[in-house]
Amino acid sequence: MGGVHGVCYGMNGDNLPSQSEVVQLYKSNGIGAMRIYSPDQQALDALRGSGVAVIIDVGGSGAVANLANNPSAAADWVRDNVQAYWPNVIIRYIAVGNELGPGDMGTILPAMQNVYDALVSAGLSNSIKVSTAVKMDVITNSFPPSHGVFRPDLQRFMVPIAQFLANTMSPLLVNVYPYFAYRDNPRAIPLNYATFQPGTTVRDNDSGLTYTNLFNAMVDAVYAALEKAGAPGVRVVVSESGWPSAGGFAANVENARNHNQGVIDNVKNGTPKRPGVIETYVFAMFNENQKPGDETERNFGLFYPDKTPVYPITFPPN
């Protein structure tokens with residue numbers, strides 16, 4: 001069935017190993033799940049029979065808009081990228097959009113509905129769930145966590161999405177980055193709290209829950225927002241979380257290792273509000289030399305392109 005410890009496999013590099021080598025690297029490190037950002041045929045072929053589960057993104061905003069406008073395109077997408085591989089590839093979720101901005105968010109729900117309908121027609125809607133991956137900035141009032149709520153200007157998108165997820169028993173995929181919160185507000189957030197190190201305890205006086213790391217506080221703010229949206233049963237899957245090892249403020253091997261090992265070890269505990277397993281995908285498998293943006297963006301990898309580790313990391317047995 002794949003594992004609850006995943007790693008995101010980004011491909012924005014001109015020096016990365018072949019897809020089949022990458023799948024072997026996942027297996028040899030005990031990484032039970034993968035996220036890919038488009039339905040890459042070579043990656044999906046390499047996943048056949050591997051036992052590594054996968055989240056497949058549909059692609060960028062243009063791909064989402066096409067699926068939203070065209071039910072037959074969704075049926076074709078499911079035929080070509082799901083039915084062609086299932087069940088030899090353990091497809092767990094289809095991510096309809098990754099961190100889409102407000103101008104594109106209106107396409108998410110119609111696209112999700114069309115993909116869901118195509119999965120129903122294929123008899124796969126119980127096995128494979130449809131969701132979307134959002135940034136933490138869809139939440140406001142995230143401190144204390146119990147005050148978390150979907151941003152007023154995005155509620156017209158996020159509340160119906162949350163209710164669709166509740167109705168289809170699907171999780172919300174959330175990209176949770178204590179790194180960016182710490183980088184943007186280092187005076188207010190202790191580094192140890194952001195990197196799963198001991199020494200800071202934060203109490204939410206309204207819920208009575210206590211937090212020893214920022215990651216769990218961020219996830220519980222999402223749970224609070226889902227409750228306020230009338231979707232208390234929707235599970236959060238952390239579809240990305242990571243910390244850069246070089247290239248900018250607080251970006252070093254020690255912080256990256258502490259954070260990412262902390263994220264991995266936290267999977268089995270869940271959060272104070274939702275104890276239990278929290279399925280989590282670390283970003284990312286490799287340092288990607290063609291990723292745009294700040295220098296840190298090219299230094300989120302657990303591995304160098306030559307498959308040597310950037311720092312030691314341990315994935316427990318799933």
Salt bridge between [X] and [Y], side-chain N to carboxylate O under 4.0 Å?
| X | Y | result |
| --- | --- | --- |
| Glu254 | Arg257 | no |
| Glu227 | Lys273 | yes |
| Lys268 | Asp265 | no |
| Asp220 | Arg274 | no |
| Arg298 | Glu288 | no |

Would you be so kind as to tabulate the donor-acceptor pairs closer than 3.5 Å made by side chains of residues 183-193, with sequence neighbours excluded?
residue: Asn192; atom: OD1; partner: Thr200; partner atom: OG1; Å: 3.0
residue: Asn192; atom: ND2; partner: Pro198; partner atom: O; Å: 3.0
residue: Asn192; atom: ND2; partner: Thr200; partner atom: OG1; Å: 3.3

Examine the side chains of [X] and [Y] and answer whether a donor and an acceptor come within less than 3.5 Å of each other.
| X | Y | answer |
| --- | --- | --- |
| Asp40 | Tyr9 | no |
| Asp80 | Gln41 | no |
| Asn205 | Arg203 | yes |
| Gln163 | Asn167 | no |
| Asn289 | Asp14 | yes |

Qualifying residues under ring-ring contact (aromatic ring centres under 6.0 Å, His included), relative to Phe180, sequence neighbours excluded: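 Residues passing ring-ring contact (aromatic ring centres under 6.0 Å, His included) with Phe180: Tyr177.
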Test side-chain hydrogen bond (donor to acceptor under 3.5 Å, both in side chains) on Tyr311 and Asn260 and set out the steps. CA-CA 10 Å; Tyr311 43 84; Asn260 286 340; 2.8 Å; yes
Counterpart residues, side chain to side chain contact (heavy atoms under 4.5 Å, CB included), relative to Ser61 (two or more places apart): Leu100, Asp104
Rounded to the nearest 0.5 Å, how far apart are NZ of Lys307 and CE of Met285?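 CE of Met285 is found 10.0 Å from NZ of Lys307.
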Counting only heavy atoms from other residues, nucleotides and ligands, does the tally under 6.0 Å from CZ of Arg156 exceed 12? no
